[in-house]
Amino acid sequence: MPELAEVEFFRRVWEPAEGLKVICASANLEKRIFRKVKSKSFPKCLVGTHLRNSFRKGKQLCFVFDESHWLGLHMGMTGKLRYSHDTKEEFKYNYLTVFLENDHRLIFQDPRLFGKVLYEHSKEVPTWWAEMPLELTDASYKFTQMNNFLEKRSRSPIKSVLLMQEGFPGIGNWMADEILWRSRIAPFVKVSNIALSKRKDLYHATKEVCMDALEVIADGWKRPPDTWLFNHRWSDGGNCPKTKKPLIREKINGRTACWSPAWQTYH
DNA sequence: CTATTTGTTTATCC
DNA sequence: AGGATAAACAAATA
């Protein structure tokens, strides 16, 4: 589920807790989402600290407690963050719970366990946070940067390249399909076969889908308009909002791609 | 029983 | 060396 905009939505779920003190913390450390956590004192080391800041880069989240406790979270395929006041409310698959002074709980749940927790106690910014690539929504992310990445991946289908986080941080399966639909490029097209002018369409569609997704989903998880591919792509039987003809669903390198054959004619 | 899933990570081949 | 691809990870849902 969580791509750039959904992850930003979850950052905002925990954001209201900024300034609050941690009373208690518990984690199911045997679960594989904690496989990168080395500290023996996690998560008790958070007790007594205050949540100070929350950040997102691509699909990665970082919560900072007292300017020195860095908690990195990745939602994987099924991760969710909750901010719960009801102490009787029990959720399955709560693997990290932080109890706050206002009787609210910060909860990370992840049934499928493809998520990842990172933790570092340091005054310095951890490497895993400092080394994230530039955001696609940043004004300094230019066409040449995107094109340089495409040049290195020229033998792959464009759909697969859009899913590579080092080049397209935050893009996931539905956003990649939306970008290709808006720029009218079929997902199986090899990057080397995409002309310069078409790459510019791709660049603008990438920026646009990121901005639109953040506006609609990060802010209240509203239902996207039917003019997007989004509402039509999830199962067999959907029709293209442009051509009104059936969409095609097919695996490309193991991931389902959905596209409109008459609309995405570029190949 | 089977097939499917909005994501990485690792192994292997080229 | 580094790019491309398949399999692995784990568990729910249809």
Side-chain angles (χ1 to χ4, degrees), chain A residues 1-11 13 28-37 56-61 72-81 91-96 108-118 128-129 131-133 136 148-181 187-194 206 209-210 212-214 216-218 221-224 228-238 247-259:
Chain A
M1 186 188 309
E3 305 180 22
L4 174 123
E6 293 89 352
V7 172
E8 174 60 20
F9 175 87
F10 287 128
R11 187 192 66 79
V13 168
N28 296 41
L29 293 173
E30 78 281 5
K31 299 294 181 186
R32 65 171 253 127
I33 57 172
F34 296 104
R35 64 197 181 279
K36 297 288 182 181
V37 176
R56 179 196 56 76
K57 291 181 188 174
K59 297 175 189 170
Q60 313 284 335
L61 289 174
L73 297 179
H74 189 280
M75 300 293 106
M77 197 83 98
T78 53
K80 282 193 172 82
L81 298 189
F91 304 108
K92 221 175 168 187
Y93 317 113
N94 285 3
Y95 297 135
L96 175 65
F108 177 32
Q109 50 184 194
D110 184 12
R112 211 167 148 190
L113 295 169
F114 285 0
K116 187 164 68 180
V117 177
L118 300 175
W128 49 261
W129 188 249
E131 289 181 349
M132 291 287 298
L136 302 174
N148 288 344
F149 185 74
L150 294 186
E151 291 294 332
K152 285 193 297 189
R153 309 290 174 158
S154 57
R155 288 175 302 175
S156 280
I158 183 60
K159 171 66 188 285
S160 301
V161 176
L162 283 170
L163 293 175
M164 295 175 180
Q165 298 301 294
E166 68 272 30
F168 293 92
I171 301 302
N173 211 24
W174 80 254
M175 291 181 78
D177 283 350
E178 189 80 32
I179 289 164
L180 291 171
W181 179 73
F188 53 79
V189 173
K190 298 270 191 294
V191 169
S192 56
N193 291 332
I194 304 176
T206 300
V209 168
C210 288
D212 288 355
L214 287 169
V216 171
I217 291 171
W221 209 309
K222 301 184 285 280
R223 185 182 191 271
W228 296 14
L229 178 65
F230 185 94
N231 292 335
H232 313 275
R233 68 173 297 284
W234 297 102
S235 54
D236 292 336
L247 295 164
I248 286 182
R249 294 162 55 76
E250 191 172 291
K251 296 250 188 204
I252 296 177
N253 284 344
R255 306 299 304 280
T256 298
C258 179
W259 80 97

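Numbered from 1 within each chain, the chains take letters A, B, ... in sequence-line order.
The nucleotide whose nearest atom lies closest to any side-chain atom of A:S156 is, among B:dT6, C:dA11, C:dT5, C:dT5. Side-chain proximity of A:Y93 to C:dA11, B:dT5, B:dG7: nearest is C:dA11. Here B:dT10 is the nucleotide among B:dG7, C:dG3, B:dT10 with the atom lying nearest to any side-chain atom of A:K36.
No contact: A:R233 has no heavy atom under 4.0 Å from any strand. Contacts of A:G172 with the nucleic acid, taken as non-hydrogen atoms under 4.0 Å apart, involve only primed sugar atoms and P, OP1 or OP2. If you check every strand for non-hydrogen atoms under 4.0 Å, A:S160 touches nothing. No contact: A:S235 has no heavy atom under 4.0 Å from any strand.
Between A:F230 and A:V216, every side-chain heavy-atom pair lies at or beyond the 4.5 Å cut-off.
What separates CE of A:M77 from C1' of B:dT9 is a distance of 13 Å, to the nearest Å. For the pair A:N231 CG and B:dT6 C1', the computed distance is 14 Å after rounding to whole Å. Whole-Å rounding puts the A:N253 CG to B:dA11 P distance at 19 Å. Taking atom NZ of A:K92 as the reference point, atom C1' of C:dT13 lies 13 Å away to the nearest angstrom. The distance from atom CZ of A:R32 to atom P of C:dC9 is 9 Å, rounded to the nearest whole Å. A straight line from CZ of A:R255 to C1' of B:dT9 spans 13 Å, rounded to a whole angstrom. Atom-to-atom, CZ of A:F188 to P of C:dT5 comes out at 15 Å; the value is rounded to the nearest Å. The CG atom of A:D110 sits 10 Å away from the C1' atom of C:dA11 (whole-angstrom rounding).
Aromatic ring pairs are classed by plane angle as parallel below 30°, tilted from 30° to 60° and perpendicular above 60°; the pair A:W228 and A:W174 is parallel.
Considering only side-chain N and O atoms, A:T78 lies nowhere under 4.0 angstrom from the phosphate OP1 or OP2 of C:dA12. For A:K152 and C:dA4, the shortest distance from a side-chain N or O to OP1 or OP2 is not below 4.0 Å. Taking 4.0 angstrom as the limit, A:H74 places none of its side-chain polar atoms (N or O) nearer than this to OP1 or OP2 of B:dG7. Contact annotation: A:K251 reaches the phosphate of B:dT5 (side-chain N/O to OP1 or OP2, under 4.0 Å). OP1 or OP2 of B:dT8 sits under 4.0 Å from a side-chain N or O of A:Q165. Within the 4.0 Å cut-off from OP1 or OP2 of B:dT8, at least one side-chain nitrogen or oxygen of A:K59 is found.
Rounded to whole Å, the P atom of B:dA11 lies 15 Å from the corresponding atom of C:dA10. Between the P atoms of C:dA1 and B:dT9, the separation comes to 23 Å (whole Å).
The nearest pair of heavy atoms linking A:A218 to A:F9 is O-CD1, 3.7 Å.
Rounding to the nearest 0.5 angstrom, the gap separating the OH atom in A:Y95 from the CZ atom in A:R32 is 12.5 Å.
Residues A:L163 and A:R112 each lie close to DNA chain B; by heavy-atom proximity, the contact nearer the 5' end of the strand is made by A:R112.
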